[in-house]
Amino acid sequence: MASLNQCLASLARLSLVAPARPTVTPTLLKFLVPSATAPLVRRASGGGGMRKRPAKKKKTYKMFRSYDLSQIEQYSLCDAMRYLRAIEVGRPPASVKYDLAIKIKTHKNGPVLRNSIRLPFPVKTDTRIGVICPEDSPLMVEAQQLGAVAVGQESLFESIREGNIPFNKLICHVDSQEALKQANLGKILGPKGLMPNPKTKTITNDLKATVQELIGADEYRERGGVVRIAVGQLGFTPKMLSENIRALMSLVKTDISNADENHPKALDEVVLSSTNGPGFSLNGTFHSTDEKVKPEDLQSVM
Amino acid sequence: MVGVIRRMNKLNAQLVRIRNGPGAAVLPQDVTRIHMEFAHKFNNGHMGPRKFWQDALPRLKYWNPAVPMVVNRTHDQEGPATLTLYFREPGATLKSDVPQPGSSTDGFAKAPTPAEGERAVTIDMKNRRSEAILKEFMDKSGAVPVKPTAQDELLMREVEEREVQSRIDYERIRKLNEEAKREKAMLAQAQSEAAAIRGES
């Protein structure tokens, strides 16, 4: 009897449970759940007409996307400079910059690379330097190569008097000190804090040291998996640019190797571009592939 | 950064046009430097010089990287538009450190007076088209045009084909987008009308 009772109990349980579930369930299940006996067939119509499928879940990536670089054309520094100098011809050499973009294989979250560097040849950021020195002298050429935006003596005084002041730092070479005194520019330059003065070390006989002192260190920071920083001015020689790039790359590489173990980083690609020019992926070599073009050819006045 | 192939296509199209085209020419050895002066805006006959600077000068600079090419742009539209070619006198050797100002946008880089052993030839560019300026430039400088290599010709054809295809694709997508936009606007209008009717009743 006991067994019958058990049977009844189980039957009762069944009858109690069954109404709670929707009666269509078994039939629905037949269609929805792929049974082991029915072969799984995909039809173009989706089987159920206009049945809505759940929205496809967008795949999320933990790393920034990096590309297969096997098809990329990479350039030597001199080749890239030759093209960029051609594209930037006739632009003021102090205001056009070479920019470097360093792509890094890295996680989207986690710490970013961040550091500051004093480049061997500083790139002016927002310091625009004017240099007073005798006209048509080698000093004038030196000042321009150092990145001065306005160089000269009488011509510069004249433009200052006209209110045309393209610089925000003004230095004067000792040779032009007397001329500066006679020019009576104190009224114009004094209130702006631009008047050269031995006290502020802006009257100098070593233009290079003074200019480098006026230009501070450059900061860089990884954004979106890329470190972007200006590494040179258009007027730089290939050698100057390569030294700047080398200094920057060695620092970035140490930064990468010091990265947190949970968020490892690796160098992916280095791209050189200029203010108005396209980006050239660098292959790390220096000399041009065209034997006729020597590095010395790429340092003429722009 | 953008994908590799897309980047390469764009870059190659730009570079092949620097290597070839009007102005791609090798200057003779005795051309020491080139100086241009013209105004910032194109009125009063400064369009040709601007076009010459933008189209021909990059190609010249690519093929003659060692020749200084300085552009002096002024704000004086009434001013002259001249191109100065500097030649080394036969047999003369020039000092390597002749002071030379870099390009300027404020008229600071005036054409330097020819150094010792140098002679200057000027071309008046005002009120002339860039093609005419280039023709006179080629005659006076004795530059030899560069013939495109077989590889570059192939590349140029590819670039042109891509551009034709891109215009077709652009047109197709534009039509699709416009259609989608129109449908959306119609739907929005119908819905607002329906809401207005419901509001009235």
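Letters go in sequence order (proteins before strands), and every chain restarts at 1.
- Taken to the nearest 0.5 Å, the CE atom of B/Met8 stands 6.0 Å off from the CD atom of A/Glu73.
- Residue B/Met186 places its CE atom among 12 or fewer non-hydrogen atoms of other residues, nucleotides or ligands, all under 6.0 Å distant.
- Atom CG of A/Leu84 and atom CD1 of B/Ile18 lie 8.5 Å apart (nearest 0.5 Å).
- When the candidates A/Val89, A/Val271, A/Val226, A/Ile87 are compared by the number of heavy-atom contacts under 4.5 Å with chain B, A/Val89 comes out ahead.
- With a threshold of 4.5 angstrom between heavy atoms, B/Arg33 does not approach chain A through any atom at all.
- Within residues 293-302 of chain A, the residues having any heavy atom closer than 4.5 Å to a heavy atom of chain B are A/Val293, A/Asp297, A/Leu298, A/Ser300, A/Val301, A/Met302, listed by residue number.
- The neighbour count for B/Lys140 NZ, taken as heavy atoms of other residues, nucleotides or ligands under 6.0 Å away, is above 12.
- A/Arg82 places a side-chain N or O within donor-acceptor distance of the main-chain N or O of B/Tyr62, the cut-off being under 3.5 Å.
- Of the atoms belonging to A/Asp290, not a single heavy atom falls under 4.5 Å from chain B.
- For chain A, the option among B/Ser104, B/Pro58, B/Ala109, B/Pro101 with the highest count of heavy-atom pairs below 4.5 Å is B/Pro58.
- Few gaps surround CZ on B/Arg162; more than 12 heavy atoms of other groups in view lie less than 6.0 Å from it.
- No part of A/Glu88 comes within reach of chain B, as not one of its non-hydrogen atoms sits under 4.5 angstrom from that chain.
- Between chain A and the options B/Leu57, B/Leu15, B/Ile5, the largest number of non-hydrogen pairs under 4.5 Å is found for B/Leu15.
- Proximity to chain A is absent for every atom of B/Arg59, based on heavy atoms less than 4.5 angstrom apart.
- Applying the 6.0 Å contact sphere to CD of B/Glu193 captures more than 12 heavy atoms from other residues, nucleotides or ligands.
- Using a 4.5 Å cut-off between heavy atoms, B/Gln14 contacts chain A through its side chain alone, with no backbone atom that close.
- More than 12 non-hydrogen atoms from other residues, nucleotides or ligands lie less than 6.0 angstrom from CZ of B/Arg174.
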Residues A/Leu69, B/Val4; criterion side-chain contact (heavy atoms from CB on, under 4.5 Å); working and verdict: CA-CA 7 Å; A/Leu69 296 182; B/Val4 167; 3.8 Å; yes
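- Neither the backbone nor the side chain of B/Asn64 has a heavy atom closer than 4.5 Å to any heavy atom of chain A.
- When each of A/Gly224, A/Gly279, A/Ser281, A/Pro92 is scored by its heavy-atom pairs under 4.5 Å with chain B, the top score falls to A/Pro92.
- With values rounded to the nearest 0.5 angstrom, B/Leu11 atom CG is found 4.5 Å from A/Tyr75 atom OH.
- Counting non-hydrogen atoms of neighbouring residues, nucleotides and ligands closer than 6.0 angstrom, the CD atom of B/Glu171 exceeds 12 such neighbours.
- When the candidates B/Phe108, B/Trp63, B/Trp53 are compared by the number of heavy-atom contacts under 4.5 Å with chain A, B/Trp53 comes out ahead.
- With a 6.0 Å radius and a threshold of 12 heavy atoms from other residues, nucleotides or ligands, B/Lys51 has its NZ atom at or below the threshold.
- Residue A/Lys108 places its NZ atom among more than 12 non-hydrogen atoms of other residues, nucleotides or ligands, all under 6.0 Å distant.
- Most heavy-atom pairs under 4.5 Å with chain A: of the set B/Ala66, B/Ser103, B/Gly3, B/Gly102, this distinction falls to B/Ser103.
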